[in-house]
Structures are given as structure tokens and as C-alpha cells.
Amino acid sequence: MKIYNTLTGKKEEFIPEEAGRVGMYACGVTVYDHCHIGHARSAVVFDVMRRYMISRGYQFKYIRNFTDIDDKIINKAKQEGIAWDAVARKYTEEYYRDMDRLGVGRADVEPKATDHIEEIVEIVKGLVEKGFAYERDGSVYFEVEKFHGYGKLSKRDLEDMMAGARVEVDERKRNPMDFALWKASKEGEPSWESPWGQGRPGWHIECSAMSLKHLGETFDIHGGGADLIFPHHENEIAQSESYTGRPFVRYWVHNGFITVDKEKMSKSLGNFFTIQEILNKFDAEAVRFFLLSTHYRSPIEFSDEQLREAEASIDRYYTTVLRIRDFLSQESTKEKPGPDEKALSEMLGKFLDKFREAMDDDFNTALAIGTIFELVRMLNKYMDSRPSGSQAVELIKKADEMLRETGNVLNLFHRTPEEWYRALMAVKGIGLTEDDILARITERQAARERKDWADADFIRKELDEKGILLEDRKDGTGWKVRV
RNA sequence: GGCGGCGUACCCAAGUGGCUAAGGGAGAGGUCUGCAAAACCUUUAUGCAGCGGUUCAAAUCCGCUCGCCGCCUCCA
């Protein structure tokens with residue numbers, strides 16, 4: 001299994017520190033506002049990494065934090081006139097609602113910065129004692145020049161950074177690149193007791209403290225959005241390695257951005273879409289599919305058109321699931337092999353390996369999805385030839401199981417076709433109930449039986465205008481939502 | 001300015017040295033159908049931004065040019 005490591009800039013064979021066990025820490029969110037689709041991407045990508053590694057038999061421990069104390073939270077609290085911790089609570093709950101809908105599982109530990117003040121203070125104290133940090137006016141700063149590896153993750157050297165530093169000059173810092181480990185708090189701000197007076201943790205230190213506590217000094221995978229490489233992750237390395245004297249993380253993994261008109265989606269540009277906005281227009285599974293249909297490190301251009309294509313793909317999948325189910329529910333006794341039996345059988349023999357190969361190659365979900373659709377086509381082709389008998393049933397059953405297995409890894413395609421159509425009906429705002437549709441189908445069936453094609457076509461057209469497509473099959477008429 | 005990435009068909013998107021350049025969407029033609037839809041088949045890149053080079057062999061490696069983007073400040 002290969003993973004691209006930001007630290008080395010190369011795809012590397014993945015070897016966990018301890019055979020069979022993997023520890024992963026992913027930076028979560030600062031809970032001060034609604035999450036946008038970029039947050040969703042990061043969450044979904046790491047969720048799939050976890051699901052895949054578990055499916056490969058690893059014992060997996062996943063930590064994802066919440067930053068629940070920070071300037072932005074304090075500002076938001078002032079704006080809204082509520083307590084800072086109420087802000088954090090509110091957006092934490094919202095985060096869970098969004099992630100649940102996107103099929104993102106809970107991490108094994110979901111630590112909050114404010115629950116780790118003791119550990120944070122301990123580390124800051126240690127860093128001061130070891131001479132990596134200094135105190136000024138109740139704040140403590142990390143002295144970047146004391147850490148020789150500074151810049152190794154983001155591939156820049158200290159002198160270049162200082163030359164082009166756009167950071168505000170802060171007289172208290174020895175070097176403009178020094179960063180706060182502990183911030184003295186102003187009157188009325190949330191604060192905790194510390195050897196340097198009342199204060200609160202800096203942004204980067206919480207991740208060092210929480211990963212150390214829950215995963216140990218050195219762990220396997222640390223991830224987050226590519227915008228965290230500098231300064232956040234660079235600073236984490238500096239703190240953690242200075243404190244423990246040991247390597248911090250073996251594989252650094254970063255996901256690419258979502259773009260709008262080719263530009264990074266971000267709060268400051270105002271070109272972002274919240275997860276809630278998107279889920280009002282598109283089904284959550286389509287959103288998840290969209291996020292996984294491009295390799296995690298590449299940028300993804302966000303657009304309604306892309307989401308619609310994702311829906312179309314999922315619809316194709318469920319249409320095949322429906323056919324599989326119908327096929328298996330038929331009594332078929334006569335052994336009648338299809339002409340593609342051998343080809344299908346061969347494809348099934350290789351399918352899981354191909355899927356695994358794709359995922360083993362730095363979690364290439366786009367390629368993995370491609371292999372799923374190759375099988376979908378083959379299955380349709382095979383069923384088109386109307387095979388029957390135990391041999392055919394066995395093949396289709398086997399294919400069905402394999403599709404379930406790969407779907408589980410991606411956490412896609414786990415609904416019934418009916419659930420999918422109902423969800424589409426809701427999200428597309430179809431002004432009909434399932435009963436309405438079935439009633440019309442019955443009426444149309446009567447018209448068809450008396451060969452009243454005009455009447456039958458009228459009903460088809462009427463439903464079509466409302467976004468419902470009818471499909472006449474041997475054993476009755478089915479319906480689906482037009483994507 | 002420093003560092004990094006990207007440019008594959010009408011659109012999206014895999015592919016990082018060697019078999020027919022995945023897959024999805026859209027278009028055209030066909031099979032099937034009372035008509036449709038779905039599905040399947042055929043078709044749409046002798047071609048991978050451009051130009052040179054290395055190699056028996058390049059979308060894939062190297063160089064240059066053009067275009068786009070990201071990080072260097074909070075950011076998934």
C-alpha cells in the first residue's frame with residue numbers, strides 16, 4: 001500500500017510503526033461557523049482512508065479534534081451576544097448533523113482543546129524548560145530558530161520566510177516567525193490558570209497535546225487540508241519534536257481544495273457553499289460520490305453540473321441494483337448460460353483485486369469507482385442476454401456481494417433503489433407522493449390493457465413533466481425520478 | 001520574489017516508460033419497445049497545452065515556452 005507523504009514529497013510504501021496497527025490524527029474544524037463543502041471533502045477523504053485500512057485488516061485508531069477555543073469563537077460570541085462555549089457547542093452539533101448525513105463516521109476519540117488544558121500547559125512548561133520557548137507578558141512563544149528542522153514539511157527555509165514575512169511585527173517576539181504556544185487573556189475573555197498567569201492555548205499546541213495523549217510520541221498518519229501545511233502542521237512538528245525529542249509523524253497526508261471558478265473556496269473570498277445549502281439541492285450520497293470521484297490530492301471544481309453528474313452515476317448504479325434484485329427474485333430453473341458468462345466470471349475473479357489495487361495506490365477512489373462501473377456495465381450486458389439457471393444465479397449473487405463490499409469501503413451505494421428514488425423525490429421537490437404515482441400507474445395500466453395508447457401516453461407525459469419517468473417492464477411498470 | 005501543483009475527447013476524470021489511453025456525463029446512429037425509458041452495441045483523443053531532447057519505446061523522464069492555480073497571513 002502506497003501513500004503520498006507531504007514530508008518527503010513522494011509516494012511511499014506504507015509501513016506502520018507497529019505491524020497491524022495504525023494511528024491517524026486528522027485536524028477537524030474550529031467550531032465557530034457553518035461547515036462548507038471544503039470541510040466535507042476533508043472529512044470524507046479521511047473517513048474513506050479509515051474504512052479502507054480497516055477493511056485491509058488494520059487495527060485502526062482515529063483521532064479527530066475540535067478546536068473549541070480560539071479568537072474566531074470569541075469574536076463570534078461577541079457578535080451573537082452569547083457565551084463562547086455556547087458558540088462552540090452549537091457549531092459542534094451542526095458539524096455532527098452535516099457529517100452524519102454525508103456518511104462520515106465518528107472518530108474513535110474526538111478530543112476538544114478545552115478538555116486538554118492540563119496536558120497543554122505541561123508541554124508548554126517542558127518547552128520553556130528545554131529552552132525552545134520563552135515567556136513575554138504572560139504569553140509563551142516558540143522560538144523557531146531553536147528547532148533545526150523548521151520548514152521541513154512546507155519546504156521553505158527560515159531565512160526566506162523572514163525575508164518575505166507578512167506577519168505583523170510583534171515586539172514581544174524574538175523572531176517574527178515565532179508563534180504563540182500560550183496566549184495571555186484579556187479581561188473578560190475565557191481563560192485558564194497557568195504558570196504564566198491567566199490565559200488560553202495557542203492554536204497549534206492543542207494538536208500536539210491531544211495526539212501525544214491519544215496516539216503517543218510517534219504515530220503513523222497525520223492529515224488535514226493542504227492549507228494546514230503551513231503554518232499549522234509545520235508548527236506542530238516543531239513543538240512535538242522539540243518536546244519529545246522523537247519523530248512526530250511518519251506520513252503526512254493532505255487533501256486538495258475545492259475550487260469555484262478555479263479559485264480556492266474560502267471564507268475570505270466569500271465563494272463558499274455550506275454543506276447545508278448543498279444538501280438542500282442535492283442528495284448527500286451524490287455529494288459524497290462527487291467528493292470521491294476525483295483523487296483526494298487534486299483540486300475539485302465545484303458546480304451544480306458536477307453534482308448532477310454524480311447523481312446520474314449513482315442512479316445508474318441503483319438501476320442496476322434493481323435489475324439484480326429482479327433477476328434474483330425470478331424463479332429460474334432452466335440452465336441457460338449467457339454468452340458473456342465467461343467474461344463476467346473472469347471479471348469477478350479480478351474485481352476485488354483491481355479495486356484494492358486502486359485503493360492501495362494512495363487511495364485512488366476515482367479509479368476504484370471506475371472499476372465498479374466496469375462491473376456494472378458487464379452485469380447489465382450479461383443480464384441483457386437473459387441467462388437463467390443456478391450458474392447464472394450464482395454469478396449474479398457473487399457480483400452483488402462484491403459490489404456491497406466495495407460500496408461499504410467507500411460508504412456509498414448502501415441504500416435500496418426505492419430509498420434512493422424517495423430521497424431524490426424529496427430533494428428535487430417532486431410534488432407527488434409515491435401513492436399518487438402508483439395510482440397513476442394503475443390507471444395507465446388499465447388504459448394500456450384496452451390499448452388506449454393516447455390515454456396511456458398522456459399519463460406518461462403528465463408524470464414526466466413532474467420529473468417522474470415510467471419504465472414498462474415485462475412484469476409491470478416501474479418509476480424513477482429524472483435526474 | 002521564494003516554494004509547490006496542474007494543463008488528457010464536447011464536459012468531468014483515471015492513467016507517471018511498453019499490450020485496445022479506465023470510468024461517468026453529453027451528442028449521433030442502432031438493437032429492444034405499442035410509444036418510451038432503462039440496458040446493451042457502435043461512434044466522438046493514431047491523440048495526452050506547445051516546441052525540442054533522452055530512449056528500441058514517452059501522456060508518463062529531462063529542458064524551454066505558454067496558460068491556470070495554490071502556499072508563503074486565519075483557512076479543510
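Reminder, nothing fancy here: chain letters follow the sequence lines and each chain counts from 1.
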Please work out if [X] contacts a base, only the sugar-phosphate, or nothing of the nucleic acid, heavy-atom cut-off 4.0 Å.
X        : value
A/Ile372 : nothing
A/Lys72  : sugar-phosphate
A/Asp227 : base
A/Ala366 : base

May I ask you to verify whether the side chain of [X] and the base of [N] hold a donor-acceptor pair under 3.5 Å?
X        : N      : value
A/Arg297 : B/rG70 : no
A/Asp71  : B/rC74 : no
A/Arg460 : B/rA36 : yes
A/Glu309 : B/rG24 : yes

Say we look at [N] and [M]: how far apart would their [atom1] atoms be, to the nearest angstrom?
N      : M      : atom1 : answer
B/rA38 : B/rG30 : C1'   : 16 Å
B/rG47 : B/rC40 : C1'   : 27 Å
B/rG70 : B/rG24 : C1'   : 27 Å
B/rG15 : B/rU60 : C1'   : 9 Å
B/rG34 : B/rG27 : P     : 25 Å
B/rA14 : B/rG53 : C1'   : 28 Å
B/rG50 : B/rA39 : C1'   : 42 Å
B/rC12 : B/rU54 : P     : 34 Å

Is it true that the side chains of A/Tyr382 and A/Glu341 contain a donor and an acceptor less than 3.5 Å apart? yes

Donor-acceptor pair between A/Ser208 and A/Glu236 side chains, under 3.5 angstrom: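 No, because no side-chain N or O of A/Ser208 sits under 3.5 Å from a partner of the opposite role on A/Glu236.
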
Closest nucleotide among [options] to the [X] side chain:
X        : options                : value
A/Thr294 : B/rA13, B/rC72, B/rA38 : B/rA13
A/Arg448 : B/rC35, B/rG23, B/rC71 : B/rC35
A/Lys264 : B/rA14, B/rG25, B/rA76 : B/rA76
A/Ser42  : B/rG23, B/rA76, B/rA39 : B/rA76
A/Lys381 : B/rC72, B/rA76, B/rC41 : B/rC41
A/Gln306 : B/rA14, B/rC12, B/rG34 : B/rC12
A/Asn255 : B/rU73, B/rA76, B/rG15 : B/rA76
A/Arg377 : B/rC35, B/rG23, B/rC68 : B/rG23
A/Glu374 : B/rG23, B/rA14, B/rC74 : B/rG23
A/Glu471 : B/rC40, B/rA37, B/rA76 : B/rA37

Under 3.5 Å, side chain of A/Arg444 to main-chain N/O of A/Ala456, donor-acceptor pair present? yes

Does [X] pair with [Y] as a salt bridge, N-O distance under 4.0 Å?
X        : Y        : result
A/Arg200 : A/Asp71  : yes
A/Glu145 : A/Arg174 : no
A/Arg415 : A/Asp283 : yes
A/Glu418 : A/Arg325 : yes

Determine, answering yes or no, if A/Trp453 is stacked on B/rG34 under the 5.5 Å centre rule and the 30° plane rule. yes

Would you say the ring centers of [X] and [Y] fall short of 6.0 Å from each other?
X       : Y        : answer
A/His36 : A/Phe273 : no
A/Tyr96 : A/Phe66  : yes
A/Tyr25 : A/Tyr62  : no

Defining pairs by Watson-Crick or G-U wobble geometry with both distances under 3.5 Å, how would you list the stems of RNA chain B with at least three pairs each?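 Runs of three or more consecutive pairs: B:1-7 with B:66-72, B:10-12 with B:23-25, B:26-31 with B:39-44, B:49-53 with B:61-65.
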
Give the rounded distance in Å between these two atoms: [atom1] of [X] and [atom2] of [N].
X        : N      : atom1 : atom2 : result
A/Arg156 : B/rC72 : CZ    : P     : 7 Å
A/Glu311 : B/rA26 : CD    : C1'   : 16 Å
A/Ile324 : B/rA38 : CD1   : C1'   : 14 Å

Please compare A/Tyr4 and A/Thr320 by the position of their nearest nucleotide in RNA chain B and report the one closer to 5'. A/Tyr4

Between A/Asp457 and A/Glu263, whichever has its closest RNA chain B nucleotide further toward 5' is A/Asp457

